[in-house]
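The next block holds one structure in the form of structure tokens; read it before the comments.
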Amino acid sequence: MFGQQTVLDGHPGASDGKILIKSELDIKTTYLPEDCTIVTKTGDTITLEYDVCSFLFSVTVSPNVTSAYDAYVNDEHKETSKETEGMPAGLLEFTIGKKMVVLGLDIGVVGMCTGEKRSIKIPPQLAWGEKGIPGIIPANAMARFDIELVKIQGQSWADWYVEILQIVCGICFAAGAIALGCEKIREKKGGKKSK
């Protein structure tokens, strides 16, 4: 049901110590254009049209089911959860990999081409988590997005320049810190010999 497990190395969400597995998402391509040569990748700014955004959450819990995600995985979701409509349809623009949307959506749009339609079911740990958003999204809610990719805008030269500049500054800072540390060590060693 969830496809092959893939650890998403290098994804921004992986930096919090959690191992992300793409197989935790239920991604179904509902329409694939014939010309699908250019696909999305991390760093692209994309525009999505979403028709449905709903939340699946547990309303009655059996001994074997502790959350909507467990109910979904165990095919018990018909008896143990209900679906509620979330946001109305609209356009959503974000940059993949910049943590601008929930992690499951960020992961689920990678590899899409313009005009492609997908239905993505996202477990709570890749959506809004154990707490949800009080009064808006229930705790431990699975999210479902039915989306169509409207536009892909690759990284501009300015974006590349900023990223390269950040990397160079980080390297220079680290090198400076190491040099300063080495100088302090030399001073301490030099001070001990002269006494």
Side-chain angles (χ1 to χ4, degrees), residues 1-32 40-112 116-150:
M1 167 169 59
F2 287 104
Q4 184 179 2
Q5 292 188 352
T6 306
V7 177
L8 300 171
D9 295 325
H11 193 279
S15 64
D16 62 3
K18 296 179 182 174
I19 296 175
L20 303 175
I21 300 177
K22 191 173 182 177
S23 64
E24 293 182 55
L25 299 173
D26 182 14
I27 303 171
K28 292 184 179 144
T29 300
T30 56
Y31 175 75
L32 185 63
T40 58
K41 61 190 175 309
T42 300
D44 288 343
T45 298
I46 63 170
T47 303
L48 296 176
E49 182 176 320
Y50 59 92
D51 293 326
V52 178
C53 177
S54 58
F55 308 105
L56 185 69
F57 61 97
S58 181
V59 288
T60 58
V61 180
S62 70
N64 299 332
V65 178
T66 57
S67 70
Y69 179 66
D70 291 337
Y72 181 76
V73 170
N74 297 320
D75 288 329
E76 298 180 27
H77 59 283
K78 290 183 177 74
E79 299 82 32
T80 60
S81 59
K82 73 176 188 178
E83 203 167 283
T84 60
E85 289 304 311
M87 298 177 270
L91 292 177
L92 177 63
E93 183 175 295
F94 64 95
T95 302
I96 300 172
K98 297 286 185 185
K99 299 183 182 180
M100 299 169 79
V101 294
V102 295
L103 188 55
L105 185 59
D106 217 8
I107 297 166
V109 298
V110 172
M112 285 184 77
E116 183 177 343
K117 294 180 182 181
R118 287 185 181 179
S119 181
I120 305 172
K121 289 184 182 172
I122 305 170
Q125 67 272 19
L126 297 178
W128 288 275
E130 295 176 1
K131 296 180 182 178
I133 299 176
I136 300 171
I137 299 170
N140 288 313
M142 285 192 63
R144 189 187 84 220
F145 289 89
D146 292 337
I147 58 173
E148 177 180 354
L149 183 60
V150 177

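Although no hydrogens or angles enter the test, the distance criterion places a donor-acceptor pair under 3.5 Å between the side chain of D106 and the main chain of G97.
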* Between L48 and F145, is a side chain to side chain contact (heavy atoms under 4.5 Å, CB included) present by the stated rule, with each step listed? -> CA-CA 10 Å; L48 296 176; F145 289 89; over 6 Å; no

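Two residues are said to be in side-chain contact when any heavy atoms from C-beta on lie closer than 4.5 Å; V109 and F94 meet this criterion. With a 4.5 Å cut-off on side-chain heavy atoms, P124 and E130 do not count as touching.
The line from CG of L91 to CD of E148 is 10.0 Å long, rounded to the nearest 0.5 Å. Note that CE of M142 is 8.5 Å distant from CD1 of I122, once rounded to the nearest 0.5 Å. Between D146 atom CG and E49 atom CD the span is 11.5 Å, to the nearest 0.5 Å.
Each of I147, V150, L105 was evaluated against L92; a single residue qualifies, L105, per the side chain to side chain contact (heavy atoms under 4.5 Å, CB included) test.
T40 meets the side-chain contact (heavy atoms from CB on, under 4.5 Å) test with D44, I46, I96, M112, L149, I152; sequence neighbours excluded. Under the side-chain contact (heavy atoms from CB on, under 4.5 Å) criterion, T29 pairs with L32, E116, R118, not counting sequence neighbours. Every side chain to side chain donor-acceptor pair (under 3.5 Å) that E93 has, sequence neighbours left out, goes to T47.
Smallest separation of non-hydrogen atoms from A141 and A127: O-CB, 4.3 Å.
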